[in-house]
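Written below as structure tokens is the structure these notes are about.
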Amino acid sequence: MALRIATWNVNSVTARLPRLVAWLERTGTDVLCVQELKVAEAAFPYEELRALGYEAAVNGTGRWNGVAVISRIGLEDVVTGLPGGPGFPDDEPEPRAVSATCGPVRVWSVYVPNGREVGHAHYEYKLRWFEALRGAVAGDAAGPRPFAVLGDYNVAPTDEDVWDPAVFAGSTHVTPAERAALAALRETGLTDVVPRPLKYDRPYTYWDYRQLAFPKNKGMRIDLVYGNGPFAEAVSDAYVDREERKGKGASDHAPVVVDLEV
DNA sequence: ATGCCCAGTCTCACTGGA
């Protein structure tokens, strides 16, 4: 069966709802992992999505963060949150993970902490969060079922994944410790499913709103799809839908779309 | 024009994003 799975940091599901609905209709995506809902679970637009044939597993508590899995092919065994994960501040848990089984695949939608500045408490939180994620997904990553962790990882895997490495020297998103956390995650059996760009040479997924970053293609690849062997082997295509970054009312992130034949 | 930040809130000022 052909499956279309995607991940998209929408930067407020409320602000993005018209675009989200149009995008789902346009692309026919079966399973969408969403990040930065910026809305409480009770205010999530379940009805609008149900009208399109989708159900949703939502982890959201208010103005910051928030993640969901939106599926039109089933939604089972939902796990809300990152089991054993740290919180911030004062170890208060944040809504940054939700997982579900959708038909033949199991997916996680994750919004990894930003880190703010190297050495900041939020940066240490980010690294601890990655460790907990690794522990939580290791079993499914090594299993026989197609499995993937999709989301906004807030790490550029290599210097090729930022428009100018010199600009990011000393900043979060590119440090050896963050990249080591990604490598440790891959060691559980996950592969970086690198999408193709629809224009230019690099598959960036994020462009700042400011200073014409998108038209100048000053982007970063920080929205990632990490799939296990059975998932990666089923991939028939993967691309960044940069068209969705254009125009008024766009998120600052573009969707990453993965087509599977399972 | 892909076009010179955006979203949410404890809303006219601030936090957070990366």
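All chains are named by letter (A, B, ...) in the order of the sequence lines, taking the proteins before the strands, and each is independently numbered beginning at 1.
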Taking OP1 and OP2 of dG8(B), is either one under 4.0 Å from a side-chain nitrogen or oxygen of Ser12(A)? yes

How do Ile222(A) and Thr14(A) order along DNA chain B: which one's closest nucleotide is nearer the 5' end? Thr14(A)

Less than 3.5 Å apart, any donor N or O on the side chain of Asp241(A) or Trp23(A) sitting next to an acceptor on the other? yes

Interatomic distance where CG belongs to Asn217(A) and P belongs to dA1(B) [whole Å]: 20 Å

Polar contact flag, side-chain donor to acceptor under 3.5 angstrom, Ser99(A)-Arg106(A): yes

Between dA18(B) (C1') and Trp163(A) (CH2): distance, integer Å: 12 Å

All salt bridge (Lys or Arg N to Asp or Glu O under 4.0 Å) counterparts of Lys246(A), not counting sequence neighbours: Glu243(A)

Same-atom distance (C1') from dA7(B) to dT11(B), integer angstrom: 12 Å

Between dA18(B) atom P and Tyr123(A) atom OH, what is the distance in whole Å? 16 Å

Nearest-Å distance once atom P is located in both dC10(B) and dT15(B): 15 Å

Any pair with a residue in residues 43-82 of chain A that passes ring-ring contact (aromatic ring centres under 6.0 Å, His included), sequence neighbours left out, goes on the list, sorted by first then second residue, please. Phe44(A)-Tyr46(A)

Set of residues satisfying side chain to side chain donor-acceptor pair (under 3.5 Å) with respect to Tyr239(A), sequence neighbours excluded: none

Take the protein atom CG of Leu37(A) and the nucleotide atom C1' of dG8(B), then report the distance between them rounded to whole Å. 13 Å

Separation of the P atoms in dG16(B) and dG3(B), to the nearest angstrom: 28 Å

Who else is in Tyr209(A)'s hydrophobic cluster (ILVMFWY, side-chain heavy atoms under 4.5 Å, direct or via others)? none

Rounding to an integer number of Å, can you tell me how far Arg242(A) CZ sits from dG3(B) P? 11 Å

Nearest-Å distance once atom C1' is located in both dC5(B) and dA18(B): 13 Å

Determine the Euclidean distance between corresponding P atoms of dA1(B) and dC6(B); express it in Å to zero decimal places. 16 Å

Using a 3.5 Å cut-off and no angle test, enumerate the donor-acceptor pairs between side-chain atoms of residues 68-79 of chain A and protein atoms at least two apart in sequence or in another chain.
{"from": "Ser71(A)", "atom 1": "OG", "to": "Ile73(A)", "atom 2": "N", "distance (Å)": "3.0"}
{"from": "Ser71(A)", "atom 1": "OG", "to": "Gly74(A)", "atom 2": "N", "distance (Å)": "3.4"}
{"from": "Ser71(A)", "atom 1": "OG", "to": "Gly74(A)", "atom 2": "O", "distance (Å)": "2.7"}
{"from": "Arg72(A)", "atom 1": "NE", "to": "Asp30(A)", "atom 2": "OD1", "distance (Å)": "2.8"}
{"from": "Arg72(A)", "atom 1": "NH2", "to": "Gly28(A)", "atom 2": "O", "distance (Å)": "2.9"}
{"from": "Arg72(A)", "atom 1": "NH2", "to": "Asp30(A)", "atom 2": "OD1", "distance (Å)": "3.1"}

By nearest nucleotide on DNA chain B, pick out whichever of Met220(A) and Gly62(A) is the more 5' one. Gly62(A)

Taking atom C1' of dA18(B) as reference, at what distance in whole Å does atom CG of Asp223(A) sit? 11 Å

Below 3.5 Å is the cut-off: list the nitrogen or oxygen pairs between protein and nucleotides 11-17 of chain B, distance only.
{"from": "dG17(B)", "atom 1": "OP2", "to": "Arg116(A)", "atom 2": "NE", "distance (Å)": "3.0"}

